[in-house]
Amino acid sequence: MSTRLVHAARPHRTPGAPLNHPIEVASTYHAGGESDYARDGTLGTAALEEAVGELEGGFAVAFSSGMAAACAILDLLGNDAVVVTGIFTYAGVAGRMRQLCDAGRIRLRRVDLTDTPVALEAVDGAQMAWIETPSNPMLGVSDIAAISQAAHAGKTLVVCDSTFATPLGQRTLDLGADIVLHSGTKSLGGHSDALLGLAVTRDESLAALLRERRTLLGGIPGALECYLILRGMRTLHLRHSRAQDSARILAERLSQHPRVRRVHYPGLPTDPGSALASRQMNGPGSLIAIEYDGDAEETEAVCLRTQLWAHATSLGGVESLLERRRRWEFESPEVPENLIRLSVGIEDVEDLWADLDAALRG
Ligand SMILES: *Cc1c(COP(=O)(O)O)cnc(C)c1O
């Protein structure tokens, strides 16, 4: 996989050819060729899609953000379609689902998808099952293979948001999902400098439908963004394994910390998702959630005290970030007020620990 990441979708090795695809800045093209108009995709989009498609083993469709990809997928639903979703789903996706539901477009079945028997029952008669595993921000783990198997018995389309896992941490399509979604903004890009989304499927006609949505809804990524995400992917393997190694160490130490009530991290043997994660994932990833021993205000103060960890939203970058998720009005009310989500970067783990420990102690 690390070799693939470095070599996927390079230009042909002809003398004088560049090793990277140029950033092609054009909205329109001379008629009669392969490209006509950039909203249908460009050479830069195609290169990124080739690399991600190779990585996931499917047809990738790139969008201007993870949300643009999510909305194109939801746009596939017919009127009155039943959609099964978890209690903890990325707040933007949950918000859009609620809007569609309030407008009478779809019906939502919001259940605990980390409880497999509940999940299997819920998918019965649904048109779409929307899994997010590990989930944002609670790090809950859902059984992709079991849910996909039950869903497919009833022709339910399975979508899995694997942004937290990355393509290295989870072989989502192999496990049975029909579409895997990634916010490329996060670990794929890895440098907190570009927005992009990806939907990948093994069904060519489904990919064509998503491409058509992209053209008509207009969610095409820009040339610079495609370049930045592909460039970021070249080092994904190194960044992912370094951040994950540090996250393991930090999660362990946090679970012993006097000011931390609870740690949510599928890499801890005591975590409810750990057994499933060790079967389903190649490592628990680099996101941790902790419940601080304090109220909302005291928890917020921890995030303001760190010197090295940046108090910022988003995740999967080289720099470590933390935030209290409930500072966002749109975050699900089931998320505890004292929950801090930590995105572990690639800095020295002892520096990260010293800063975090001091901020937690106050
Ligand atoms: C950030 C995120 C998204 C949305 O992606 P954007 O690129 O910000 O639009 C979707 N799902 C998850 C799990 C995310 O973390």
Side-chain angles (χ1 to χ4, degrees), residues 1-2 4-5 55-57 86-90 111-120 123 129-151 158-177 180-183 186-188 200 236-257 260-291 315-316 339 341-346 349 352-353:
M1 207 63 101
S2 55
R4 272 205 185 144
L5 278 163
L55 201 60
E56 285 286 15
I87 305 292
F88 301 107
T89 304
Y90 173 69
V111 300
D112 181 3
L113 290 181
T114 66
D115 185 334
T116 305
V118 167
L120 299 190
V123 298
W130 190 287
I131 311 170
E132 186 181 304
T133 183
S135 69
N136 188 354
M138 299 296 284
L139 281 302
V141 183
S142 297
D143 193 330
I144 302 169
I147 297 172
S148 299
Q149 200 178 13
V158 178
V159 181
C160 181
D161 185 337
S162 289
T163 298
F164 271 37
T166 86
L168 299 180
Q170 192 161 277
R171 307 302 301 150
T172 310
L173 298 179
D174 290 344
L175 290 164
V180 56
L181 172 75
H182 290 287
S183 168
K186 314 292 169 55
S187 302
L188 292 176
V200 195
L236 174 64
H237 200 275
L238 286 175
R239 290 185 287 103
H240 178 74
S241 70
R242 163 74 172 217
Q244 180 170 263
D245 287 348
S246 298
R248 279 196 169 105
I249 294 168
L250 295 174
E252 182 58 44
R253 291 185 192 175
L254 285 164
S255 67
Q256 318 282 331
H257 199 283
V260 174
R261 281 189 204 147
R262 186 163 171 200
V263 180
H264 302 260
Y265 184 63
L268 287 174
T270 49
D271 191 90
S274 91
L276 177 56
S278 59
R279 268 190 285 135
Q280 172 170 284
M281 301 178 74
N282 311 311
S286 57
L287 275 299
I288 306 169
I290 58 172
E291 292 177 36
L315 53 105
L339 187 105
R341 187 184 69 195
L342 305 160
S343 171
V344 180
I346 63 169
V349 68
L352 290 175
W353 176 248

Separation of I290 CD1 from R262 CZ (nearest 0.5 Å):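 CD1 of I290 is found 13.0 Å from CZ of R262.
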
Atom pair CD1/CG of I288 and L342 - distance to nearest 0.5 Å: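 Here the interatomic distance stands at 5.5 Å.
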
Taking side chain to side chain contact (heavy atoms under 4.5 Å, CB included) as the test, write out the residues that go with D245, two or more places apart.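 Testing D245 for side chain to side chain contact (heavy atoms under 4.5 Å, CB included), a comparison that skips the adjacent residues, returns R248.
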
Expected output: side-chain [X] to main-chain [Y] donor-acceptor under 3.5 Å:
X    : Y    : value
S162 : V180 : no
N282 : L168 : yes
T89  : G86  : yes
T133 : S142 : yes
R242 : I346 : yes
T163 : S183 : yes

Got [X] and [Y] here, is their nearest side-chain heavy-atom distance under 4.5 Å?
X    : Y    : answer
D271 : L139 : no
R171 : E56  : yes
L339 : P137 : yes
L276 : R279 : yes
L236 : M1   : no
T270 : Y265 : no
V200 : L55  : no

Result block: side-chain N/O donor-acceptor pairs under 3.5 angstrom for residues 113-120, not counting sequence neighbours:
{"from": "T114", "atom 1": "OG1", "to": "D112", "atom 2": "OD1", "distance (Å)": "2.6"}
{"from": "T114", "atom 1": "OG1", "to": "D112", "atom 2": "OD2", "distance (Å)": "3.4"}

For atom CZ of R261, decide whether the heavy atoms of other residues, nucleotides or ligands shown that lie under 6.0 angstrom number more than 12.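 Count over threshold, so yes.
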
For atom CD of Q149, decide whether the heavy atoms of other residues, nucleotides or ligands shown that lie under 6.0 angstrom number more than 12.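 Not buried by this count: 12 neighbours or fewer within 6.0 Å.
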
Which atom of [X] lies closest to which atom of [Y], heavy atoms considered:
X    : Y    : answer
S135 : F164 : O-CE2, 3.7 Å
Q244 : G285 : OE1-N, 2.8 Å
S343 : L315 : OG-CA, 3.3 Å
A247 : S286 : CB-CA, 3.7 Å
H240 : A165 : CE1-O, 3.7 Å
P167 : L188 : CD-CD2, 3.7 Å

Run the side chain to side chain contact (heavy atoms under 4.5 Å, CB included) check on S274 and L268 step by step: do they pass? CA-CA 6 Å; S274 91; L268 287 174; over 6 Å; no

Apply side chain to side chain contact (heavy atoms under 4.5 Å, CB included) to V263 and H257, showing your working. CA-CA 10 Å; V263 180; H257 199 283; over 6 Å; no

Does any donor atom in the side chain of T166 or S187 lie under 3.5 Å from an acceptor atom in the other side chain?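 No - no donor-acceptor pair under 3.5 Å links their side chains.
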
State which residue, out of I144, D143, I131, fulfils the side chain to side chain contact (heavy atoms under 4.5 Å, CB included) condition with L175.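 Running side chain to side chain contact (heavy atoms under 4.5 Å, CB included) over I144, D143, I131 with L175 returns exactly one hit, I144.
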
Are V344 and L352 close enough, and set up right, to give a side chain to side chain contact (heavy atoms under 4.5 Å, CB included), and what steps lead you there? CA-CA 9 Å; V344 180; L352 290 175; 4.1 Å; yes

Go through it in stages, so that I can follow the logic: the residues are M138 and I87, the test is side chain to side chain contact (heavy atoms under 4.5 Å, CB included), and I'd like the CA-CA distance, side-chain angles, deciding distance and then a yes or no. CA-CA 10 Å; M138 299 296 284; I87 305 292; over 6 Å; no

